[in-house]
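This report refers to the structure that appears directly beneath it.
Excluded from the calculations below are hydrogen atoms, water molecules and symmetry mates; all remaining heavy atoms, backbone and side chain alike, are included. Residue numbers start from 1 in every chain, and the chains themselves are labelled A, B, ... in the order their sequence lines are given, proteins ahead of strands.
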Protein chains: 2
Amino acid sequence: MTLADVARRAETSTAVVSYVINNGPRPVAAETRERVLAAAAELGYRPNRVASALRSRTTGVVGLVLADAQTPYFATLAGHIERALDERGKLTLIGNAGYAADRQQDLVERFLAAQVDGLVIVSADGGADVAAHAEEAGVPAVYVHHQPTEAHAPVIAADNRTAVHEAVAHLRRHGHERIAFLAGPHDIGPVGLRRQAWHAAVADAELLRCDYSRAAAATVAERRITDGTMPRALITATDEQAIGILAGAWAGGLVVPDRLALISLDGTPDSAYTAPALTVTQQPLHAMAEHAVDQLLGTSSPSPAPSAATLILRRSCGCDHRASAL
Amino acid sequence: MTLADVARRAETSTAVVSYVINNGPRPVAAETRERVLAAAAELGYRPNRVASALRSRTTGVVGLVLADAQTPYFATLAGHIERALDERGKLTLIGNAGYAADRQQDLVERFLAAQVDGLVIVSADGGADVAAHAEEAGVPAVYVHHQPTEAHAPVIAADNRTAVHEAVAHLRRHGHERIAFLAGPHDIGPVGLRRQAWHAAVADAELLRCDYSRAAAATVAERRITDGTMPRALITATDEQAIGILAGAWAGGLVVPDRLALISLDGTPDSAYTAPALTVTQQPLHAMAEHAVDQLLGTSSPSPAPSAATLILRRSCGCDHRASAL
DNA sequence: CTGTTAGCGCATTCAC
DNA sequence: GTGAATGCGCTAACAG
């Protein structure tokens, strides 16, 4: 079924059929429009977006490159982005780079070959400035969460510094002086910012490091408990690490929050249903996604830039104002 | 940059350039090939997949329709599917139906318009047989996890019945007689199969129901604890519900596994890092994804059909053979 | 307001 | 082994 078939059936031209299918760019007489619509319905006509894309030079597809699609933080962010795109009539081509710079590069290349209308890059630490390739091809791109140094595209990220300060201040209110920090393996990207903000706010406390995985954090917790060197107050850079710490603490018989006050810095949905529930600074992932997509598509009414994460008080820091898990 | 540009630079025809770019379907003299490759590299030529798709009637893109992209179970499955597709050179167009039948329909329609080479549908309970539309358009489709009644496409799912039997048997080994079951709001789909298998294996024990969300399950747990009607042994249909039960139990001061032996039936990665760690029957999500994609693409060496979930013993059932969270 | 027509970039047929 | 020419289905000039 093609435009021509519909035109033939409606006894008109392909141009007119195109005008009614796309509501423009030229007006069509009401009666003709009815005939065309009827013919299209009878034939079960479905426009071929590929042909349309070739001619109009716009596919209605946006590429979403993810560093990691499995982690709740990224998965939630990706979900919001896909939804924002969908609301604006775009389709989402998704790709998972698995933290590998070359895979990220390759995905961008393939998305560009597919003539995407834009590129959203949720990169993690490291990686080259893939947006440069997009710019060269005349395709707009935005980074979300993280941006490589000297990047040629806007970045959408929340204010990490303020979030960390709030977490530190809250733990101090609980009477803690020495507030340790569990960072990632290095200080690149948003987590590096969080680490620095902690360092600026806390005079002398211990800096721990491990991978951004539950398994790694659980190992750290178990070892620390065995050694008797577990801090009494800890801020983790990510929810994944916090959940790992909780698992390790449980296995090691260390009670949270009695023996360890814990705050995490992502605030994914997962953090609300751990045992005990995690106190977090919640990143405005929805706002970040909306803003990124508006920025990318140059929508007329752009959403406001996402602000800082908000502190959500639950049980793991020692707060008690909500006994219920809800 | 188009084929014609490269041809001009290499002083040959567009046909020859096409042959070398695609390695066929006709042979090209080594020397000519070199000239073409050099010209393409110098010009930074990138094939236009849209034009290629229009001509060759194959886009190299597969549509993935998800009932819910946020839940770890579906997110993990989606990740495996995307990866399997990527390994076979396909790009993935993703869409989130959010459990809404009309949104699912709409997504399929738009993917078909985009001329996808195939459709993977990870549907949840309900929804029409969207694969029928695909079949009509001559596009192959597979269902994963769940299939509407009277569906016109293959389904890839694991053996839920066996999984449930193993869970029941294990709880019995721990000395439990009355093993309750937490099902979804109704008995459609895979969860319905699990519910039936439990019913067949357990004579008289209580059937609980709630939404497939952590929040709903936590509410159930808290109410049961308050009422003093919490079962001593429970199998939950999904990990989401198990995690909610754990959160509710913690908030209500009920110790798992001492006062409640718990087994869940998904076995997502999340289940390994709860406190306590969940004993689960782990669904072969990777095998399901591989098999689905092979089935869809008609690959020469199809992967074997996924078998039953495997029982992973951890702490929540009362087992003690692994003190570590790892 | 409607119809005719020329490509979009590429794969492929047919001639050489 | 190579090249010229055709058309995939659609949009947008252009002409009526």
Side-chain angles (χ1 to χ4, degrees), chain A residues 1-40 43-61 89 110-117 137-139, chain B residues 1-37 39-40 43-61 110-117 137-139:
Chain A
M1 286 306 106
T2 73
L3 259 197
D5 294 319
V6 178
R8 201 153 25 240
R9 191 110 154 71
E11 294 181 305
T12 180
S13 70
T14 60
V16 169
V17 176
S18 174
Y19 299 152
V20 355
I21 298 292
N22 304 322
N23 283 317
R26 306 280 295 269
V28 173
E31 200 214 331
T32 317
R33 139 176 268 100
E34 282 315 312
R35 264 210 330 279
V36 170
L37 257 17
L43 296 177
Y45 171 69
R46 188 182 353 247
N48 183 328
R49 299 280 292 134
V50 168
S52 164
L54 179 60
R55 183 61 233 241
S56 65
R57 322 190 71 74
T58 152
T59 53
V61 174
R110 291 167 69 199
F111 285 174
L112 253 20
Q115 311 297 116
V116 293
D117 290 346
V139 175
Chain B
M1 286 305 107
T2 73
L3 260 198
D5 294 319
V6 178
R8 201 153 25 238
R9 191 113 156 67
E11 296 181 305
T12 180
S13 70
T14 60
V16 171
V17 177
S18 174
Y19 299 152
V20 353
I21 297 292
N22 303 324
N23 284 318
R26 304 280 295 271
V28 173
E31 201 213 332
T32 318
R33 143 176 266 99
E34 282 314 312
R35 259 204 341 273
V36 170
L37 257 16
L43 295 177
Y45 171 69
R46 187 180 359 243
N48 183 329
R49 301 279 293 133
V50 168
S52 165
L54 179 60
R55 182 62 233 247
S56 65
R57 323 193 70 75
T58 152
T59 53
V61 174
R110 292 167 69 197
F111 286 173
L112 253 21
Q115 310 296 116
V116 293
D117 290 347
V139 175

Heavy-atom check, side chain of B:N48 versus side chain of A:Q115, under 4.5 Å:
yes

Rounded to the nearest 0.5 Å, the CG atom of B:L43 sits from the CZ atom of B:R9 at a distance of 5.0 Å

Can you build the contact string for nucleotides 10-16 of chain C? Use B for base contact, S for sugar-phosphate-only contact, and - for no protein heavy atom under 4.0 Å.
BBBBBB-

Is there a donor-acceptor contact under 3.5 Å from the side chain of A:T14 to the main chain of A:L3?
no

Donor-acceptor pair, side chain of A:R49 and main chain of A:T59, under 3.5 angstrom:
yes

Could you give the CZ-to-P distance, from A:R8 to C:dT4, as a whole number of Å?
12 Å

Select base, sugar-phosphate, or nothing to describe what B:V50 touches, counting heavy atoms under 4.0 Å on all strands.
nothing

If the condition is side chain to side chain donor-acceptor pair (under 3.5 Å), which residues does B:R35 pass it with, not counting sequence neighbours?
none

Between A:L54 and B:P27, which is nearer to the 5' end of DNA chain D once each is assigned its nearest nucleotide?
B:P27

Using side-chain heavy atoms (C-beta onward) and a distance below 4.5 Å, is A:V17 in contact with A:T12?
yes

Between the axis at one end of the helix from C:dC1-D:dG16 to C:dC16-D:dG1 and the axis at the other (five pairs apiece), what's the angle to 10 degrees?
40°

For chain A, the stretch of DNA chain D it reaches, first to last nucleotide, under 4.0 Å of its heavy atoms:
D:dG9 to D:dA15

Between A:Y45 and A:I21, is any pair of side-chain heavy atoms under 4.5 Å apart?
yes

Taking side chain to side chain donor-acceptor pair (under 3.5 Å) as the definition, give me every residue that meets it alongside B:S56, ordered by chain and number, with sequence neighbours left out.
none

Between B:R8 and B:D5, is any pair of side-chain heavy atoms under 4.5 Å apart?
yes

Residues two or more places apart in sequence or in another chain: which of them pass side chain to side chain donor-acceptor pair (under 3.5 Å) with A:R55?
none

